[in-house]
Participant: 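One structure is given below, represented as structure tokens, and several questions about it will come after.
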Amino acid sequence: MHPLFIYNVVPKLPAELEPMREMVYNLWWTWEPEARKLFRHLDVELWDRTNHNPLRMLQLSRQHRLEEVAQDDDFLRDLDAVYNKYKAYLARQDTYGKLRQESCSIAYFSAEFGFHESVPNYSGGLGILAGDHCKSASDLNLNFRAVGLLYRHGYFRQQINKEGWQETVALNQNFHHLPLVEVRVDDKPLMVDVDLPGRKVFAKVWQLAIGRITLYLLDTDIQENNSEDRLITAQLYGGDLEMRIRQEIVLGMGGSRALRAMGIVPDVHHMNEGHAAFLSLELIARAVQEKKLDYYTALQLVASGNIFTTHTPVPAGNDAFSRELMERYFWEFPGKAGISFDEFFRMGQMSDNPADAFSMTILALRTSRHSNGVSALHGQVSRGLWEGVWAGVPRDEVPITSITNGIHTKTWMAPEFSDMYDKYLGDWEENLMDHEFWRGVIDIPDEALWDTHQTLKSRLIDFVRARIRAQRERLGESMESIRKANLLLDPEVLTVGFARRFATYKRGTLLFSDLARLRRILSNKDQPVQFIFSGKSHPKDDGGKRFIQEVYKISREPEFEHRIVFVEDYDIYVGRRLTQGVDLWLNNPLRPLEASGTSGMKLPPNGGLNLSVLDGWWCEGYNGKNGWAIGAEIKDPLDPNLKPEFQSEVDSASLFHILETQVIPLYYAKPDGRLPIAWLQLMRESIRSVTPVFNTHRMVKEYNERLYEPAALKHRELAEDNCAKAGEVSKWKRSIRHDWPQVRISDVHLASEGQLSVTVGEKLGVTARVHLGDIDPKFVQVQAYFGEASNSSIAKASIANLDDCKKAEHGDYIYHGEISATESGAYGLNVRVIPVNPVLTQAHELRLITWAR
């Protein structure tokens with residue numbers, strides 16, 4: 001009989017279990033092992049079926065099971081302990097954020113956030129990093145809000161078909177199954193609107209509690225919008241460039257309006273990648289219209305409080321929009337801001353070439369006084385990529401700093417390792433960043449360290465077998481093939497993991513560049529090795545899909561079948577299982593294309609080691625005793641002669657050589673027949689050297705002390721007295737820009753007792769005649785720029801101010817100073833003039849510099 005109606009019956013939660021309802025609406029439980037253990041105990045099968053979603057579990061639990069545990073004294077005791085821990089966490093006052101003298105309000109914008117597999121609002125590393133950033137902001141108790149979009153279809157689920165080709169399975173999320181709460185203002189659901197060509201688009205605002213902080217998510221899939229606009233928040237990184245510009249308008253401009261509607265006025269805005277850069281335009285237009293500032297004064301005010309983090313080390317990976325598209329979507333903005341469209345469009349261009357597209361990264365750089373890359377090497381690469389925004393400024397002085405990424409350690413550390421550290425070292429959470437504390441790993445007995453790791457490896461292998469078995473059942477394979485899944489891998493064998501986004505530059509198939517050599521390694525019965533692969537490719541990246549297909553096909557060949565596997569549908573859960581269970585993590589991207597990479601950071605807290613090229617974070621993490629480096633370090637990461645084919649040839653040879661001569665023999669060197677003593681020493685060094693450094697607590701503290709707090713102070717300074725200081729800065733900058741074409745250096749002399757040759761330890765006098773025209777000398781700095789002479793350029797440069805100034809005739813000034821000769825060799829020297837003012841945040845904020853010719 002066909003039903004007339006479909007209706008849902010939800011269980012009634014017994015009063016004894018009410019604390020669970022409160023906790024499931026705060027993602028604190030995602031990094032609290034005791035909370036997850038409690039939810040899992042409620043119903044193991046349902047825990048797995050709901051993808052570890054405790055809210056959905058409460059919605060689906062059988063009434064009799066809830067009543068049963070409500071009478072279970074042990075369960076209630078555990079519930080009481082977890083709930084008390086949760087309440088104590090929220091109430092704690094002796095936190096880093098509460099004890100800071102200079103607190104500030106932070107708004108953090110990101111296109112994706114990855115907290116847990118049950119909240120699929122992320123695609124990969126950028127989202128995971130954003131999620132870990134939020135968790136540490138909560139743990140540190142910063143005044144922090146996050147803003148993003150809520151995607152109805154998330155990213156996608158991955159299935160691998162019989163041919164090894166990636167197939168995309170769309171998600172269709174019911175937001176009421178997620179721990180989301182609609183934001184209400186004046187007892188009505190909060191909606192904000194943004195202007196798109198010929199219409200307004202509305203977005204509903206949801207909130208998600210992340211410990212002590214809140215994430216606000218915008219959703220356009222509501223009846224107030226037409227069918228086309230409801231799709232704006234349908235899928236993360238879906239659609240064409242037109243869909244992308246709509247998403248980024250909703251994120252940046254809509255997100256800023258949502259905060260304002262809730263009465264939230266941040267001191268600083270942090271853009272995690274360029275996707276949210278349109279928020280700068282929103283803030284500028286608001287300052288012009290409401291504070292009655294001119295455009296350039298508004299720009300000073302807004303930029304002082306903006307922070308921009310770039311994650312992409314290649315220009316092509318940064319969003320850019322054509323002039324036609326920008327004219328269609330932003331034709332009204334220049335009029336509101338009081339500038340021409342050409343002036344506006346140049347905000348997103350490297351040069352004045354009208355053919356250049358409008359780059360979101362360049363917009364973010366031009367409207368932020370603080371910018372950073374996500375590792376020391378990536379900072380260097382970013383300064384080279386974007387030096388054209390600061391034309392004439394030496395690459396090393398381009399104002400893009402670096403703050404190296406980290407991981408939220410408690411999220412990624414296995415509970416078994418957490419318990420072990422607490423037992424042998426003490427309270428590791430309170431001492432996470434204490435280097436001396438982590439030296440205590442030498443006190444962990446070999447047996448305890450090895451047995452804990454082996455337990456996790458066995459759990460990983462059971463997990464992989466179950467995943468492969470389910471995949472083969474879905475594909476309709478034979479019973480024999482399905483049974484063979486139970487024989488895959490061996491917990492006593494050296495296990496190497498490779499899991500990440502399958503972009504071609506990450507070279508997921510480098511291991512297969514010499515199949516004969518790989519075959520010899522895998523067929524060694526005395527010292528075997530096994531590899532576990534996982535990862536998704538963007539739906540439009542056929543090159544990445546072909547890499548996945550190659551890995552999958554090789555994994556199904558009889559000679560490799562039991563030693564190589566590919567686990568489909570890579571997500572946070574698969575990532576946790578892998579990083580907690582493998583012995584060794586393989587990372588071999590083309591350098592310098594890995595901005596940071598955080599997957600390898602998750603191994604050391606779990607006793608794992610890294611085998612990686614020297615790119616991203618590993619350049620800082622590798623110390624020669626805590627893992628291995630593939631290939632040699634690259635001196636100039638932007639060297640145009642760095643050919644991918646040559647890199648791959650060298651790195652492939654290095655990878656196999658390290659495996660054959662170092663990794664494999666060391667793992668199987670067991671003097672007592674059971675414990676690999678030398679390997680255990682590397683495990684300890686990996687834990688000791690990486691864990692206290694490469695974590696998001698250290699990272700967020702760096703952001704707070706180096707960027708957030710200084711930006712907040714400057715923003716408050718410029719905003720005082722109806723933005724009087726911002727007006728002064730703007731007026732001064734206009735004056736300097738107007739007069740700067742007059743600046744020239746007409747004569748430079750060097751003197752050291754009449755010679756151009758000096759001895760180490762002596763001083764070399766430098767004199768320059770500089771024409772300043774109408775510019776007051778107090779607003780310029782004349783500098784000697786000197787360093788090793790190399791290929792008609794100056795390398796390893798130093799700067800010395802020429803502070804002795806005497807006025808000459810006709811607007812000229814004579815500047816004199818001395819430089820020290822500290823080392824022998826051939827040196828080059830030039831003289832330059834830059835504008836200076838104590839109110840500037842960046843040394844090259846005006847992007848003006850004049851060199852002697």
Side-chain angles (χ1 to χ4, degrees), residues 110-112 124-130 132-133 270-275 277 307-319 350 359-362 364-365 368 370-390 393-407 500-501 503-507 587-602 610 612-622 629-640 642 644 647 651 690 693-696 698-700 702-703 706-707 842:
S110 182
E112 53 173 304
L126 182 70
I128 305 300
L129 186 277
D132 283 5
H133 192 124
H270 184 178
M271 294 171 272
N272 188 43
E273 258 304 352
H275 307 115
I307 291 148
F308 169 56
T309 299
T310 175
H311 293 260
T312 311
V314 287
N318 295 268
D319 286 344
M350 188 92 76
S359 164
M360 294 294 281
T361 296
I362 294 175
L365 289 170
S368 302
H370 297 277
S371 301
N372 70 284
V374 291
S375 69
L377 178 61
H378 180 237
Q380 179 185 349
V381 171
S382 297
R383 288 188 287 275
L385 282 179
W386 306 112
E387 62 184 334
V389 179
W390 290 268
V393 174
R395 179 180 297 178
D396 289 346
E397 296 177 55
V398 168
I400 301 176
T401 186
S402 64
I403 294 179
T404 301
N405 283 345
I407 61 164
R500 53 191 34 87
R501 182 166 57 91
T504 52
Y505 81 84
K506 293 180 183 281
R507 298 189 298 185
N587 180 47
N588 44 235
L590 277 170
R591 286 157 288 187
L593 303 184
E594 189 79 278
S596 173
T598 56
S599 61
M601 300 176 188
K602 294 157 189 168
N610 279 277
S612 173
V613 301
L614 287 167
D615 197 9
W617 80 279
W618 193 231
C619 293
E620 300 161 59
Y622 176 61
I630 298 170
E633 191 167 9
I634 294 174
K635 292 182 179 179
D636 180 5
L638 294 175
D639 183 352
L642 210 59
Q647 266 200 67
D651 290 344
V690 173
V693 180
F694 297 96
N695 59 76
T696 43
R698 182 271 312 157
M699 181 193 84
V700 172
E702 275 200 67
Y703 274 109
R706 292 177 52 195
L707 305 185
Q842 299 173 349

Participant: Counting N and O atoms only, with roles assigned by atom type, does the side chain of Glu273 sit under 3.5 Å from a partner on the main chain of Leu126, one being a donor and the other an acceptor?
Facilitator: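 No, the answer is negative, given that no donor and acceptor are paired below the 3.5 Å cut-off.
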Participant: Among residues at least two apart in sequence or on other chains, which ones pass salt bridge (Lys or Arg N to Asp or Glu O under 4.0 Å) with Arg507?
Facilitator: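 Testing Arg507 for salt bridge (Lys or Arg N to Asp or Glu O under 4.0 Å), a comparison that skips the adjacent residues, returns Asp651.
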Participant: Take Ile362 and Met350 through the test side-chain contact (heavy atoms from CB on, under 4.5 Å) and record every step on the way to the result.
Facilitator: CA-CA 7 Å; Ile362 294 175; Met350 188 92 76; 4.0 Å; yes
Participant: Any idea which heavy atoms bring Ser402 and Gly379 closest together, and the distance?
Facilitator: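 Taking Ser402 first and Gly379 second, the nearest heavy atoms are CB-CA, 4.1 Å.
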Participant: Might you point out which heavy atoms bring Ser596 and Met601 nearest each other, and give the distance in Å?
Facilitator: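 Looks like OG-CE, 3.8 Å.
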Participant: Calculate, to the nearest 0.5 Å, the distance between atoms CD1 and CH2 belonging to Ile400 and Trp386 respectively.
Facilitator: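 Answer for the CD1-CH2 pair, Ile400 versus Trp386, is 8.5 Å.
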Participant: What's the spacing between Tyr505 OH and Leu593 CG if we round to 0.5 Å?
Facilitator: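 One gets 6.5 Å once the value is rounded to the nearest 0.5 Å.
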Participant: Measure the acute angle between the ring planes of Tyr703 and His270, then classify it against the limits of 30° and 60° as parallel, tilted or perpendicular.
Facilitator: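 If you compare the ring of Tyr703 with that of His270, the planes turn out tilted.
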Participant: Check whether any side-chain heavy atom of Asn318 sits under 4.5 Å from a side-chain heavy atom of Leu385, and report yes or no.
Facilitator: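 Not in contact.
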Participant: Judged by atom type as modelled, is there a donor-acceptor pair below 3.5 Å linking the side chain of Ser110 to the main-chain atoms of Ala130?
Facilitator: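 The answer is no, because no donor-acceptor pair under 3.5 Å joins these two groups.
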Participant: With a 4.5 Å cut-off on side-chain heavy atoms, are Asp319 and His275 touching?
Facilitator: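 SC-SC contact between His275 and Asp319 confirmed.
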Participant: Please give me the minimum heavy-atom distance between Met360 and Gly274, naming the atom from each residue.
Facilitator: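 Residues Met360 and Gly274, closest heavy atoms: CE-O, 3.3 Å.
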Participant: Please tell me whether Asn372 and Thr309 have a donor and an acceptor in their side chains that are separated by less than 3.5 angstrom.
Facilitator: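 Yes, Thr309 and Asn372 have a side-chain donor paired with an acceptor closer than 3.5 Å.
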Participant: For a quick test of reading the model, state the closest non-hydrogen atom pair linking Ala595 to Ser375 and the distance between them.
Facilitator: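 Closest approach of Ala595 to Ser375, heavy atoms only: O-OG, 2.7 Å.
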Participant: Does any non-hydrogen side-chain atom of Asp615 lie less than 4.5 Å from one of His378?
Facilitator: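 When only atoms from C-beta onward are counted, Asp615 and His378 do not touch, as no gap falls below 4.5 Å.
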Participant: Using atom types as modelled and distance alone, determine if a side-chain donor or acceptor of Asn405 lies under 3.5 Å from a backbone N or O of Thr598.
Facilitator: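 Side chain of Asn405 to backbone of Thr598: no pair is present.
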Participant: Verify side-chain contact (heavy atoms from CB on, under 4.5 Å) between Cys619 and Leu377, making sure each step is shown before the conclusion.
Facilitator: CA-CA 7 Å; Cys619 293; Leu377 178 61; 3.9 Å; yes
Participant: Tell me whether Arg698 contacts the main-chain N or O of Val693 through its side chain, where contact means a donor paired with an acceptor under 3.5 Å.
Facilitator: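 Yes; at least one donor-acceptor contact below 3.5 Å.
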Participant: Do Trp618 and Val613 come close enough that some side-chain heavy atom pair is under 4.5 Å?
Facilitator: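 The answer is no; the side chains never approach within 4.5 Å.
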Participant: Would you say the side chain of Lys506 lies within less than 4.5 Å of the side chain of Glu594, judging by non-hydrogen atoms?
Facilitator: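 Sidechains of Lys506 and Glu594: in contact.
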Participant: Determine, step by step, whether Thr361 and Thr312 satisfy the side-chain contact (heavy atoms from CB on, under 4.5 Å) criterion, reporting the C-alpha distance in whole Å, the side-chain angles of both residues, the deciding distance to 0.1 Å, and the verdict.
Facilitator: CA-CA 9 Å; Thr361 296; Thr312 311; over 6 Å; no
Participant: In the structure I gave you, are the side-chain heavy atoms of Leu614 and Tyr622 within less than 4.5 Å of one another anywhere?
Facilitator: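 Contact flag for Leu614/Tyr622 side chains = yes.
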Participant: Quick check for you: to the nearest 0.5 Å, what is the distance between Ser599 atom OG and Asn610 atom CG?
Facilitator: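 So the gap between those two atoms works out to 7.5 Å.
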Participant: Arg383 vs Glu397, test: salt bridge (charged side-chain N to carboxylate O under 4.0 Å, His left out). Steps then yes/no.
Facilitator: CA-CA 8 Å; Arg383 288 188 287 275; Glu397 296 177 55; over 6 Å; no
Participant: Do Met699 and Thr404 touch side chain to side chain, with heavy atoms closer than 4.5 Å?
Facilitator: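 They are not in side-chain contact.
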Participant: Working to the nearest 0.5 Å, report the span between CG of Leu129 and OG1 of Thr696.
Facilitator: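 Here the rounded value is 8.0 Å.
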Participant: Search all heavy atoms of Ser382 against all heavy atoms of Thr310 and return the closest pair with its distance.
Facilitator: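 Between these two residues, the closest heavy atoms are OG-CG2, 3.7 Å.
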Participant: Please check this pair: side chain of Asn695 against backbone of Gly406, looking for a donor-acceptor N/O pair closer than 3.5 Å.
Facilitator: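 Checking the backbone N and O of Gly406 against the side chain of Asn695, no donor-acceptor pair under 3.5 Å is found.
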Participant: Val381 and Pro313: which non-hydrogen atoms are nearest, and at how many Å?
Facilitator: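 Looking at all heavy atoms of both residues, the closest pair is CG1-O, 4.0 Å.
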Participant: So Lys602 and Ile128, side-chain contact (heavy atoms from CB on, under 4.5 Å) or not? Walk me through it.
Facilitator: CA-CA 12 Å; Lys602 294 157 189 168; Ile128 305 300; 3.9 Å; yes
Participant: From Ile307 CD1 over to Ser371 OG, what is the distance, rounded to the nearest 0.5 angstrom?
Facilitator: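 The OG atom of Ser371 is 9.5 Å from CD1 of Ile307, to the nearest 0.5 Å.
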Participant: Could you check if a side-chain atom of Trp390 sits within less than 4.5 angstrom of a side-chain atom of Gln842, using non-hydrogen atoms only?
Facilitator: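 Yes. Closest side-chain heavy atoms under 4.5 Å.
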Participant: Is it true that Asn587 and Arg500 share a donor-acceptor pair across their side chains at a distance under 3.5 Å?
Facilitator: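 Present: a donor and an acceptor within the cut-off.
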